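Here's the structure, in structure tokens; my notes come after.
Model, not experiment: these values are computed from the prediction. All heavy atoms count here, side chains included; hydrogens, waters and symmetry mates do not.
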Amino acid sequence: MDRLSIMLTPVTGAVITGFIVIVLFSLGFYSWTAVGIGAGIGCVLAWPAAFIVSRRIKENDPFWQADRPRLGGIPGPNAPEV
């Protein structure tokens, strides 16, 4: 599991939920059902979207080293991240 994606999950969930609710409101669906649908879809898609964003950030970062040496007491690069 990726720690950066865990930190990005609430942000991506809020963006996805807001986008869907705005689209539904602009289509004329002014009800709690529209907000609930947007929130449900945002909750379901939050972590996969955060994981994709996290991977793209790490791929484009020239200083990111996935196999960098760890300090003493911290597990090595082959240990699970979480």
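Across all non-hydrogen atoms, the minimal contact from S5 to W47 is OG-NE1, 3.6 Å. Here the shortest heavy-atom pairing between I16 and A49 reads CD1-CB, 3.9 Å.
Residues L45 and V23 share a hydrophobic cluster, clusters being chains of Ile/Leu/Val/Met/Phe/Trp/Tyr side chains in contact below 4.5 Å. In the hydrophobic clustering of ILVMFWY residues, with side-chain heavy atoms under 4.5 Å counting as a link, L27 and V21 come out apart. Under the 4.5 Å side-chain heavy-atom criterion for Ile, Leu, Val, Met, Phe, Trp and Tyr, L24 and F19 are members of the same hydrophobic cluster. In the hydrophobic clustering of this structure, I22 does not group with Y30; members are Ile, Leu, Val, Met, Phe, Trp, Tyr whose side-chain heavy atoms approach within less than 4.5 Å, directly or through other members.
Residues meeting the side-chain contact (heavy atoms from CB on, under 4.5 Å) test with L8, sequence neighbours left out: L4, A50, V53, S54, I57. By the side-chain contact (heavy atoms from CB on, under 4.5 Å) test, V44 is found to be paired with no residue, residues two or more places apart in sequence or in another chain being considered. Not counting sequence neighbours, N60 has no partner by the side-chain contact (heavy atoms from CB on, under 4.5 Å) test.
No donor-acceptor distance shorter than 3.5 angstrom exists from the side chain of T17 to the backbone of A14, with no hydrogens or angles considered.
If you take CH2 on W32 and CD1 on I37, they are separated by 14.0 Å, rounding to the nearest 0.5 Å.
Within a 6.0 Å radius of CZ in F25, other residues, nucleotides and ligands contribute more than 12 heavy atoms.
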